[in-house]
There are 2 protein chains.
Amino acid sequence: MEQRSAVNIANSLEHMIFDGTFADGDRLDEVRLAEQFGVSRTPLREALQRLESSGLVTLIPRRGAFVRQPGPLELLEMFEVMAELEAVCARLAARRMSNEALEELRHANTRCQMAAEAQDSDLYYAENERFHATIYRESGNSFLEQESLKLQKRLRPFRRQQLRFRGRMAQSLTEHEAIVAALTSGDSNAAANALRDHVTVQGERFQSLMAGLKAAAS
Amino acid sequence: MEQRSAVNIANSLEHMIFDGTFADGDRLDEVRLAEQFGVSRTPLREALQRLESSGLVTLIPRRGAFVRQPGPLELLEMFEVMAELEAVCARLAARRMSNEALEELRHANTRCQMAAEAQDSDLYYAENERFHATIYRESGNSFLEQESLKLQKRLRPFRRQQLRFRGRMAQSLTEHEAIVAALTSGDSNAAANALRDHVTVQGERFQSLMAGLKAAAS
DNA sequence: GTCAATCACTTTGTATACAAGATATTAGTT
DNA sequence: AACTAATATCTTGTATACAAAGTGATTGAC
């Protein structure tokens with residue numbers, strides 16, 4: 001864990017929060033983390049300030065920094081917003097997308113298909129992200145693209161598990177094809193609905209997963 | 001300008017960037033600002049880190065902090081996203097809104113009307129924001145509400161000017177009534193379209209304003 | 001024995017000091 | 001006179017030191 005500079009520390013901490021090194025509500029001890037990173041408290045505090053604006057930690061004055069993992073309710077809300085954001089991207093992309101970009105999208109989906117045939121869910125996940133990112137980009141609105149990428153990144157750790165559901169990759173592929181078809185025909189409403197449903201399914205899967213966990217815990 | 005604590009400094013700087021105290025590309029001198037605020041460089045730097053994640057300044061390593069005002073293109077993109085976000089809020093609110101909330105919305109619109117009759121564009125602006133914020137809240141999705149409020153805040157300085165166009169307040173009011181009607185009937189598509197158009201008009205006004213400025217400058 | 005108050009210790013917030021990189025200026029050479 | 005190189009100055013980045021607020025433990029009183 002030899003890392004220098006305040007901005008890199010923020011990224012490292014972000015990663016550690018995402019991969020579950022810290023649980024929800026954990027206090028981030030400044031001196032402890034500072035010596036772990038081999039820096040003083042000053043750059044570490046600057047990193048914490050950044051994480052607070054990203055919503056990953058809560059900064060309570062005179063008390064410290066606490067990691068703030070989204071709860072089930074907030075996650076559902078975020079999935080709902082993600083679905084709507086992607087629907088907007090699709091609607092805009094349906095009108096603005098070039099033929100070259102459509103070809104690129106089909107290529108991305110082909111790579112998804114290969115990953116699915118190899119039953120490689122990690123690879124599928126990576127290619128799937130590129131498929132979606134292509135649609136964000138082709139919305140022709142960089143601000144929308146950036147916002148979508150931000151939320152995609154934020155939801156990544158929670159989305160990832162879902163591909164391990166049996167048959168999910170195959171279903172996802174089918175939905176991709178419907179999306180490509182709608183974008184090809186330039187039908188913006190169909191594209192928006194297809195993408196919204198595609199993402200919403202993941203949110204619902206997540207909901208049932210959470211319900212299962214909750215039932216198991218009681 | 002007697003202000004203490006890092007988080008307050010961030011808010012003050014944000015305000016100063018919004019109200020045009022700093023122009024696009026201006027370098028924010030740490031020592032200069034520190035003594036203006038009557039603090040040391042440490043809390044001021046922490047404030048700058050926060051502003052960077054909000055996208056208001058760019059932090060170039062070993063060079064300093066530079067204010068980053070969105071250009072005409074980026075502003076149009078932001079208006080487009082705002083329109084779509086509000087459309088989503090409206091679609092969800094149309095299904096989820098309670099009768100009490102609808103009543104509250106009508107009240108908010110009544111206050112807008114009073115402000116319009118008094119030709120008080122500042123008051124109209126404030127009441128208009130509350131009208132919109134009510135719809136965000138009634139989307140029943142706090143995450144969406146927060147994101148919408150963030151973008152609303154970001155676009156505030158640019159939106160504000162538009163109400164000074166002759167007849168804009170009256171037109172805005174008419175559009176509000178269409179929105180309230182759609183929400184009352186629970187027609188989510190109509191509500192989404194009404195709100196999208198309502199916001200898009202502002203973006204287009206802004207575009208023509210920018211075009212005018214550009215033409216005048218050449 | 002339990003509750004409360006005071007004191008010690010821990011931790012955050014801020015200032016200052018120091019190191020390293022970037023910019024500007026000046027001097028020297030062509 | 002113009003361009004380059006070297007140096008001086010300024011600015012950022014980081015460490016350390018100090019002050020203030022908070023937490024916990026111990027002691028005393030009821």
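Numbered from 1 within each chain, the chains take letters A, B, ... in sequence-line order. We use all heavy atoms of the structure for the numbers below, so side chains are in, but hydrogens, waters and symmetry mates are not.
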Between atom CZ in B:Phe37 and atom P in C:dA15, what is the gap in whole Å?
13 Å

Please list all pairs passing the side chain to side chain donor-acceptor pair (under 3.5 Å) test where one or both residues lie in residues 73-90 of chain A, with sequence neighbours left out.
A:Arg68-A:Glu74, A:Glu77-B:Ser142, A:Glu80-B:Arg96, A:Glu80-B:Asn141, A:Glu84-A:Arg196, A:Glu84-B:Arg91, A:Glu86-A:His132, A:Glu86-A:Tyr136, A:Glu86-A:Arg159

Using a cut-off of 6.0 Å, state whether more than 12 heavy atoms not belonging to B:Arg32 lie near its atom CZ.
no

Closest to side chain of A:Thr42, choosing from D:dT12, D:dT16, C:dT12:
D:dT16

side-chain hydrogen bond (donor to acceptor under 3.5 Å, both in side chains) against B:Asn99, all qualifying residues, sequence neighbours excluded
none

Please write out each protein N/O paired with an N/O of nucleotides 5-8 of chain C under 3.5 Å, distance rounded to 0.1 Å.
none

Calculate the interatomic distance between A:Asp29 atom CG and C:dC9 atom C1'; express it in whole Å.
14 Å

Residues in salt bridge (charged side-chain N to carboxylate O under 4.0 Å, His left out) with A:Asp29, at least two apart?
A:Arg27

Expressed in angstrom and rounded to an integer, what is the separation of A:Glu35 atom CD from C:dT10 atom P?
14 Å

Measure CZ/B:Arg45 against C1'/C:dT16 and give the value in whole Å, please.
14 Å

Under the side-chain hydrogen bond (donor to acceptor under 3.5 Å, both in side chains) test, residues paired with A:Glu103 that sit two or more places apart:
A:Arg106

Closest heavy-atom pair, B:Val67 versus B:Ala23, reported as atoms and distance to 0.1 Å, is CG2-O, 2.5 Å

Residues which pass salt bridge (charged side-chain N to carboxylate O under 4.0 Å, His left out) with B:Glu145, listed by chain and number, not counting sequence neighbours:
none

Any side-chain N or O of A:Ser40 under 4.0 Å from OP1/OP2 of D:dA15?
yes

Taking A:Ile17's backbone N and O only, do any of them form a donor-acceptor pair with A:Gln69's side chain (distance below 3.5 Å, no angle check)?
yes

Over all heavy atoms of both residues, which pair between B:Ser139 and B:Leu92 is shortest? Give the atoms and the distance, please.
O-CB, 3.6 Å

Rounded to the nearest angstrom, tell me the gap between atom CG in A:Leu44 and atom C1' in C:dT12.
13 Å

Whole Å only: how far is the CG atom of A:Leu59 from the P atom of C:dT11?
16 Å

Let me know the distance between CD1 of A:Ile60 and P of C:dG13, rounded to the nearest Å.
11 Å

CZ/B:Arg168: more than 12 non-hydrogen atoms of other groups inside 6.0 Å:
yes

Which pairs, protein N/O on one side and nucleotides 6-8 of chain D N/O on the other, fall under 3.5 Å?
none

May I ask you to decide if the ring planes of A:Tyr124 and A:His176 are parallel, tilted or perpendicular, using 30° and 60° as cut-offs?
parallel

For B:Glu14, all residues meeting side-chain hydrogen bond (donor to acceptor under 3.5 Å, both in side chains), sequence neighbours excluded
B:Lys153

Give me, pair by pair, the N or O atoms of the protein and of nucleotides 22-24 of chain D that are less than 3.5 Å apart, along with how far apart they are.
unit_1 : atom_1 : unit_2  : atom_2 : d
D:dT23 : OP1    : A:Arg63 : NE     : 2.7
D:dT23 : OP1    : A:Arg63 : NH1    : 3.2
D:dT23 : OP1    : A:Arg63 : NH2    : 3.3

Consider the side chain of A:Glu30, meaning its heavy atoms from C-beta on, and name the nucleotide among D:dT16, C:dT12, D:dT12 that approaches it most closely.
C:dT12

Name all residues meeting the side-chain hydrogen bond (donor to acceptor under 3.5 Å, both in side chains) criterion together with B:Thr42; count only those two or more places apart in sequence or in a different chain, and write none if there are none.
none

Tell me, please, which residues at least two apart from B:Gln146 pass side chain to side chain contact (heavy atoms under 4.5 Å, CB included).
B:Leu149

Using a heavy-atom distance cut-off of less than 4.0 Å, which residues of residues 46-54 of chain B contact DNA chain D?
none

What is the separation between atom CZ on A:Arg41 and atom P on D:dT14, rounded to the nearest whole Å?
15 Å

B:Arg27 side chain near D:dT12 phosphate (N/O to OP1/OP2, under 4.0 Å)
yes

